[in-house]
Amino acid sequence: MKVKKIPHTFTIISVVILCCAALSWVIPAGMYDRETRVVNGTERVVIVDHSFHAVEPSPQSWQVFGALLEGFEQQAGIIAFLLIIGGAFQIMNHTRAIDVGILSFLRGARRAERHAFFRRLGVDRLVIAAVILLFSLFGAIFGMSEETLAFVVIIIPLAISMGYDSIVGLCMVYVAAHVGFSGAILNPFTIGIAQGLSDLPLFSGFGYRVFCWCVLTAVLIAAVLRYAARIRKDPRRSPMYEADTYWRERHGATTDTLEATPATRSAWVVYGLILAALAIFAWQHPSTTFRVGRAAASFPALPVLAALFALTAGVSLRRSGQFFILNLLAYTVAFLVVGVMGYGWYLTEISAIFLAMGLLAGFAHGMDADGLIEQFLRGAKDMLSAALVVGLAGGIIQILQDGRIIDPILHGLAALMGDAGRIVSLGAMYAIQTVINLFIPSGSAKAALTMPIMAPFSDVIGISRQATVLAFQFGDGFTNMITPTSGVLIGALGIARVPYDVWFRFFWKFIVLLIAVGFVLLVPTVTMELNGF
């Protein structure tokens, strides 16, 4: 029997672009008027109520050939981020520090299994659950999304080394952060903007949102552990078994012969340079203010991290060069968290800190300038295919915008709600947000587009605006993990070397489950008295 070949990811996205161009010939063009409004201290462009009107059609034809370039322009930040991350981590991979760290961790985990308590619970299961909880919290609290791309290349080798596959690794980091993003507690990019546009107190309804996050994260952990147990029992059942040979060979996950090497003189020089730089930063920023909504707390984060680095890096240098590099990686992540939550870092700053990490790791390992450049270019080359897919996916949005059919789609979906009951209307809002997310993956953009319409409509049908925000929150988050228009998803799949068609066939059932659970969580907002709703 001949097995039907699944189209390449480029083919799938190209077909979607052609379909969107065809829709621009069928759907009447239209637009909403927009105005600039200050939301939580930031200017946002929002829709003016009852302003939808027909405009001159702009059917797309030959423009599909320019979609790749325009997609690259739209997604330039993520594309450059991918190339820099690929180069930086290739330098680190060349030092074998991650491999040494994974091997040391696995040896420690095996020793822990000698104790009956840990053996009964399963050390590997505890590791999976702990990593998922960590990244889910990151997504729920400060909206981690693009930042997960930097961690995919770390977590996947860990998952492979524990006897699982790259899909388990993606679920531990990328999916975990986006499930947390969907069940957000304090996410400023979705909850903050949506509540601001709905004239609600910032981050109100906190208690029920925490409950929703707990439920969604528990569902993810249960699903991943169930799948992981099946793969651990028979690795060949994984749809990525053959493709994961790349990770098994590259990171030496099947060998126990790798040993750490003593620190070089260059590593001590790097240690001194980093200490000097951290001392300057600590002096310039003696206190960091972390803001969550309207709450703020100050803490001497940089001085504390500088002092801890001085201690732990010195100890790790005496152990081996690879452990010093792993220590450098750990503090890079710590400074990333401080930068994002305390200083509003985004792709530029995150790219810079990981690039610095890669270069310093290479120098600490004794590499010269030519060697660093060679490894960086090799890593960037590995990311080129992912970068092309991200650019092509961005072309989908460009065709919809240039064809002037995004607003008519939104207007038509909103009209479908009609005079239905409250639960049905809330479900319709949820469905509309879910459908729109296929075309507009950006949560902040979608909030600015839809909430000025949905919030007043909820008043008319007797639904709380909090419930409308929650429907937006779920509708915005779940399908981000499967839509080809999401640059972050395509980037994560590219780094993990998981083809989009494989991911879709594996993940669509879980997305349906999440959507169903989301609807169940919405029902109490209509049928029960909830604090903040």
Note to self: Less than 4.5 Å apart, side chain to side chain, heavy atoms only: is that true for Phe363 and Thr264?
What the structure shows: no
Item checked: Smallest separation among heavy atoms of Gly101 and Leu326, with atom names -> CA-CD1, 3.3 Å
Note to self: Determine whether a donor-acceptor pair (N or O, by modelled atom type, separation under 3.5 Å) exists between the side chain of Thr483 and the backbone of Thr479.
What the structure shows: no
Next item on the list: Count the heavy atoms belonging to other residues, nucleotides or ligands that lie under 6.0 Å from CZ of Arg497, then report whether that count exceeds 12.
Entry: yes
Item checked: From Thr95 atom OG1 to Met92 atom CE, the distance as rounded to the nearest 0.5 Å -> 6.0 Å
Check: Distance from Ile155 atom CD1 to Leu134 atom CG, nearest 0.5 Å?
Finding: 8.5 Å
Note to self: For Phe281 and His285, I'd like to know if the aromatic rings sit close, meaning centre-to-centre distance below 6.0 Å.
What the structure shows: no
Next item on the list: Apply side-chain contact (heavy atoms from CB on, under 4.5 Å) to the pair Phe510 and Leu220, showing each step before the final yes or no.
Entry: CA-CA 9 Å; Phe510 183 65; Leu220 173 63; 3.7 Å; yes
Note to self: To check you understand the geometry: which heavy-atom pair defines the closest contact between Ile84 and Ser351, and what is its length?
What the structure shows: CG2-O, 3.8 Å
Checklist line | Side-chain donor/acceptor of Asp165 to backbone N/O of Val168, under 3.5 Å | finding: yes
Note to self: Quick one, Leu355 and Phe376 - any side-chain contact, counting heavy atoms below 4.5 Å?
What the structure shows: yes
Note to self: When you measure from the side chain of Gln473 to the backbone of Ala184, do you find a donor-acceptor pair of N or O atoms at a distance under 3.5 Å?
What the structure shows: yes
Margin query: Between Asp501 and Arg505, does any side-chain N to carboxylate O distance fall below 4.0 Å?
Written below: yes
Check: Given side chains that start at C-beta, do those of Glu70 and Asp402 come closer than 4.5 Å, heavy atoms only?
Finding: yes
Notebook entry, point to check: Side chains of Ser266 and His365: donor-acceptor distance under 3.5 Å anywhere?
Noted result: no
Item checked: Inter-residue atom distance Ile167.CD1 - Asp244.CG, 0.5 Å rounding -> 8.0 Å
Item checked: Check against side-chain contact (heavy atoms from CB on, under 4.5 Å), Leu328 and Ile274 -> CA-CA 10 Å; Leu328 178 61; Ile274 294 175; 3.7 Å; yes
Notebook entry, point to check: If you round to the nearest 0.5 Å, how far is CD1 of Ile495 from CD1 of Ile156?
Noted result: 8.0 Å
Item checked: Donor-acceptor pair between Thr261 and Gln322 side chains, under 3.5 angstrom -> yes
Notebook entry, point to check: Can you name the residues that form a side chain to side chain contact (heavy atoms under 4.5 Å, CB included) with Phe299, not counting sequence neighbours?
Noted result: Phe290, Ala301, Val304
Item checked: Trace of the side chain to side chain donor-acceptor pair (under 3.5 Å) decision for Ser166 with Tyr246 -> CA-CA 10 Å; Ser166 53; Tyr246 166 83; over 6 Å; no
Note to self: As an exercise, state the distance from OH of Tyr331 to CG of Leu305, rounded to the nearest 0.5 Å.
What the structure shows: 7.0 Å
Check: When the ring centroid of Tyr174 is compared with that of Phe135, is the distance short of 6.0 Å?
Finding: no
Margin query: Between Phe504 and Leu493, does the side-chain contact (heavy atoms from CB on, under 4.5 Å) criterion hold? Intermediate values first, please.
Written below: CA-CA 11 Å; Phe504 184 90; Leu493 294 179; over 6 Å; no
Note to self: Whether Arg319 engages the ring of Phe324 as a cation-pi pair (distance to the six-membered ring centre under 6.0 angstrom, angle to the ring normal within 45°) should be assessed.
What the structure shows: no
Next item on the list: Just jot down the side chain to side chain contact (heavy atoms under 4.5 Å, CB included) partners of Ser136, sequence neighbours excluded, or say none.
Entry: Trp213, Thr217
Checklist line | Tyr241 six-ring centre to Arg248 NZ/CZ under 6.0 Å and within 45° of normal | finding: yes
Note to self: Quick check: do Leu278 and Trp283 have side-chain heavy atoms less than 4.5 Å from each other?
What the structure shows: no
Item checked: pair Met481-Val179: side-chain heavy atoms closer than 4.5 Å -> yes
Next item on the list: Kindly say whether Asp476 contributes a backbone atom to a donor-acceptor pair with the side chain of Asn480 at under 3.5 angstrom?
Entry: yes
Check: To the nearest 0.5 Å, what is the distance between CE (Met172) and OH (Tyr164)?
Finding: 9.0 Å
Next item on the list: Apply side-chain contact (heavy atoms from CB on, under 4.5 Å) to the pair Gln60 and Gln398, showing each step before the final yes or no.
Entry: CA-CA 10 Å; Gln60 302 293 288; Gln398 194 64 45; over 6 Å; no
Check: Is a side-chain donor or acceptor of Arg230 paired with a backbone partner of Ser238 at a separation under 3.5 angstrom?
Finding: no
Checklist line | Option from Ile353, Asn327, Leu360, Ile350 for which side chain to side chain contact (heavy atoms under 4.5 Å, CB included) with Thr332 holds | finding: Ile353
Note to self: Keeping Trp247 on the side-chain end and Ala496 on the backbone end, is there a donor-acceptor pair under 3.5 Å?
What the structure shows: yes
Margin query: Less than 4.5 Å apart, side chain to side chain, heavy atoms only: is that true for Ser287 and Ser298?
Written below: yes
Check: Below 4.5 Å, heavy atoms only, C-beta onward: do Ser316 and Tyr271 meet side chain to side chain?
Finding: no
Margin query: Among Thr348, Leu149, Val488, which residue satisfies the side chain to side chain contact (heavy atoms under 4.5 Å, CB included) criterion with Phe81?
Written below: Leu149
Margin query: Please give me the minimum heavy-atom distance between Ala364 and Val270, naming the atom from each residue.
Written below: N-CG2, 3.8 Å
Next item on the list: Report yes if the side chains of Val502 and Pro499 come closer than 4.5 Å at any heavy-atom pair, otherwise no.
Entry: yes
Next item on the list: Check Gly358 against Leu372 and note the closest heavy-atom contact, atom names and distance.
Entry: O-CD2, 4.5 Å
Check: Can you name the nearest heavy-atom pair linking Thr148 to Ala177, along with the distance?
Finding: CG2-CB, 3.3 Å
Next item on the list: Work out which heavy atom in Ala140 is nearest to a heavy atom in Gly183; give both atom names and the distance.
Entry: CB-O, 4.4 Å
Margin query: Before we go on, tell me: are the rings of Phe89 and Phe354 under 6.0 Å apart, centre to centre?
Written below: yes
